[in-house]
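Sequence lines set the chain letters: A, B, ... in the order given, protein chains first and strands last, and positions in each chain run from 1.
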Protein chains: 2
Amino acid sequence: MGMGIRAQQKEKTRRALVDAAFNQLSAERSFSSLSLREVAREANIAPTSFYRHFKDMNELGLTMVDEGGLTLRQMMRKGRQRAEAGGSVIRISVDTFMEVLDSNPNVFRILLHERSGTSAAFRAAVEREIEHFISELAHYTEASANRSPVLARAQAEALVTLVFNAGAAALDMKRADRKVLADNLVMQLRMVATGAEALQRKLEHR
Amino acid sequence: MGMGIRAQQKEKTRRALVDAAFNQLSAERSFSSLSLREVAREANIAPTSFYRHFKDMNELGLTMVDEGGLTLRQMMRKGRQRAEAGGSVIRISVDTFMEVLDSNPNVFRILLHERSGTSAAFRAAVEREIEHFISELAHYTEASANRSPVLARAQAEALVTLVFNAGAAALDMKRADRKVLADNLVMQLRMVATGAEALQRKLEHR
DNA sequence: TAGATTAGCTTACAGCTGTACGCTCAATGC
DNA sequence: GCATTGAGCGTACAGCTGTAAGCTAATCTA
């Protein structure tokens with residue numbers, strides 16, 4: 001078994017296309033501003049050969065969103081393992097998040113930008129990825145802090161919203177400014193956690 | 001006083017351009033995807049006449065962001081007046097916000113999209129508009145709830161983040177779904193407010 | 001080994017883009 | 001009244017775009 005020479009070469013070229021697209025992303029360049037020809041050029045491929053791998057740019061983009069979401073979840077899972085060894089869950093999660101942001105900025109860019117983007121399919125794909133985070137987090141809070149489902153869900157949404165918003169801001173920052181931002185984010189997350197707990201108590205005591 | 005005929009005509013055409021651009025915005029169409037020629041066409045103007053009013057599309061876009069921010073602030077100020085007549089500040093603010101969203105969706109679209117957009121000038125302009133909200137809100141909380149400046153600021157940022165995030169989600173929703181979203185948002189905002197208060201007390205009691 | 005498959009190439013084309021240039025002619029200032 | 005100004009227009013062009021068509025040559029299949 002194992003892929004034949006042909007399939008291997010094809011996979012390699014496909015990767016070159018995906019990587020080329022990721023590499024062209026920057027603060028000044030969004031996915032939707034990339035042209036098929038630009039990506040093909042960067043991947044050292046004739047424009048028309050692009051079609052051997054993707055139906056159009058849209059299909060490439062969705063592939064990238066899926067891949068990006070996967071990367072993100074893998075990294076955060078590692079962070080959670082680190083948190084289990086002790087320490088503030090919030091702090092460690094934020095630190096992990098910032099590290100991911102630092103090492104994979106372009107994975108982030110496509111998620112952040114296409115979330116408010118112009119294609120319904122893209123928005124849905126990004127929302128699906130974010131939903132993973134929210135429901136994982138909600139489930140965790142519901143179990144560990146004995147939160148009501150509705151409250152746990154609202155809390156998780158708020159936390160993820162604040163984290164992603166901070167992530168967007170951090171993308172264009174120098175390391176020093178990021179530290180301030182991270183501290184501020186931790187403070188906001190604690191607000192939400194504390195507030196959710198207070199609301200929970202109020203619900204129970206009547 | 002009183003513009004001459006010439007200046008009046010010019011202003012009218014300029015408005016036609018701005019309005020044409022706003023009208024072309026939709027869930028499927030972002031400002032950066034508009035071409036100069038498209039806007040000129042929609043405004044019933046020759047493409048080259050565009051330059052009599054704006055240096056380029058960028059300048060048009062910045063004008064739109066400024067105008068949008070102004071509209072937004074005016075509407076929210078009216079909401080605040082309504083809140084002074086009594087009732088939950090949070091609830092009334094959220095309702096006002098949803099009304100604005102309903103009547104000026106495209107003002108919102110450009111702010112939301114260009115916030116994570118590809119042009120630094122745009123991002124800065126949007127951030128400036130959002131900063132208005134944050135600092136107004138922080139000032140208000142600092143005074144009325146006797147919050148420490150740092151805490152008040154973090155709280156205000158969190159509130160605005162949650163509201164804008166909900167706004168983005170609400171844009172593509174039907175009225176019924178928006179209601180659910182609004183209720184959920186109110187809950188999250190209360191979490192933040194309650195949590196901020198708890199943190200404040202902790203600071204004072206030691 | 002002979003024939004079928006297919007990744008990648010070259011060439012080609014129509015459609016769109018931004019914008020340079022120069023004209024017209026109504027409003028303006030003197 | 002006459003010269004100046006300037007908003008809007010038409011024409012033109014080079015550069016980009018997505019993609020259709022058909023070829024080549026390496027790999028796969030039987």
Side-chain angles (χ1 to χ4, degrees), chain A residues 1-21 23-26 28-64 113-114 117-122, chain B residues 1-21 23-26 28-64 113-114 117-122:
Chain A
M1 56 138 296
M3 289 188 283
I5 293 184
R6 201 174 203 140
Q8 252 175 65
Q9 216 0 281
K10 179 162 188 183
E11 177 56 28
K12 210 170 155 190
T13 307
R14 189 190 145 101
R15 265 253 65 79
L17 280 170
V18 174
D19 291 345
N23 287 336
Q24 306 219 44
L25 295 183
S26 74
E28 293 78 29
R29 215 78 164 70
S30 73
F31 174 77
S32 52
S33 82
L34 296 181
S35 74
L36 182 153
R37 288 177 104 107
E38 277 177 311
V39 174
R41 213 176 296 138
E42 178 84 5
N44 289 314
I45 267 182
T48 48
S49 299
F50 179 97
Y51 298 106
R52 302 285 184 197
H53 304 273
F54 301 99
K55 189 173 133 286
D56 51 24
M57 282 294 285
N58 236 318
E59 201 174 288
L60 206 211
L62 290 176
T63 302
M64 290 167 75
H113 191 93
E114 299 308 326
T118 179
S119 142
F122 270 52
Chain B
M1 57 129 293
M3 286 188 284
I5 294 184
R6 202 176 198 130
Q8 252 174 64
Q9 212 6 277
K10 177 162 187 182
E11 177 56 27
K12 209 170 155 191
T13 306
R14 188 189 145 103
R15 265 252 65 80
L17 281 170
V18 174
D19 291 345
N23 286 335
Q24 306 220 43
L25 295 183
S26 72
E28 293 78 29
R29 214 78 165 68
S30 74
F31 174 78
S32 53
S33 83
L34 296 182
S35 74
L36 183 151
R37 289 177 104 107
E38 276 177 311
V39 174
R41 213 175 297 138
E42 178 83 6
N44 289 314
I45 267 182
T48 49
S49 298
F50 180 97
Y51 298 106
R52 302 285 184 196
H53 304 272
F54 302 99
K55 193 174 131 284
D56 51 24
M57 282 293 285
N58 236 318
E59 201 174 287
L60 206 211
L62 290 177
T63 301
M64 291 168 73
H113 191 93
E114 298 309 326
T118 179
S119 143
F122 270 52

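- Rounded to an integer number of Å, the gap from OH of B:Tyr51 to P of C:dC21 is 13 Å.
- You'll find that the side chain of B:Ile5 is closest to C:dT28, out of C:dG18, C:dT28, C:dT17.
- Here B:Ser35 reaches the OP1 or OP2 of C:dT17: one of its side-chain N or O atoms lies under 4.0 Å away.
- Protein atom CZ of A:Arg14 is 12 Å distant from nucleotide atom P of C:dG8, rounded to whole Å.
- Whole-Å rounding puts the A:Phe50 CZ to D:dT17 C1' distance at 14 Å.
- In this structure, CG in B:Leu36 is found 10.5 Å from CZ in B:Phe54, a value given to the nearest 0.5 Å.
- Residue-to-nucleotide contacts include no donor-acceptor pair under 3.5 Å from the side chain of A:Arg52 to the base of C:dT6.
- Checking C:dA7, C:dG8, C:dT19 against the side-chain heavy atoms of B:Leu36 singles out C:dT19 as nearest.
- Side chain of A:Gln24 to main chain of A:Leu34: no donor-acceptor pair is present (N/O by atom type, distance under 3.5 Å, no hydrogens or angles).
- Ranked by how close their nearest DNA chain D nucleotide is to the 5' end, B:Thr48 and B:Arg6 are led by B:Arg6.
- One atom, CE of A:Met3, and another, P of D:dC28, lie 11 Å apart when rounded to the nearest Å.
- Between A:Arg41 and D:dT17, a side-chain N or O to OP1/OP2 separation shorter than 4.0 Å is present.
- The residue A:Glu38 sits close only to the backbone: its heavy atoms come under 4.0 Å of sugar-phosphate atoms, none of a base.
- Within the 4.0 Å cut-off from OP1 or OP2 of D:dA7, not a single side-chain nitrogen or oxygen of B:Thr13 is found.
- Atom CD of B:Glu114 is separated from atom OG of B:Ser30 by 6.5 Å, given to the nearest 0.5 angstrom.
- For the residue pair A:Leu17 and A:Phe50, the shortest heavy atom distance occurs at CD2-CD1, 3.9 Å.
- Taking atom CZ of B:Arg37 as the reference point, atom C1' of D:dG10 lies 11 Å away to the nearest angstrom.
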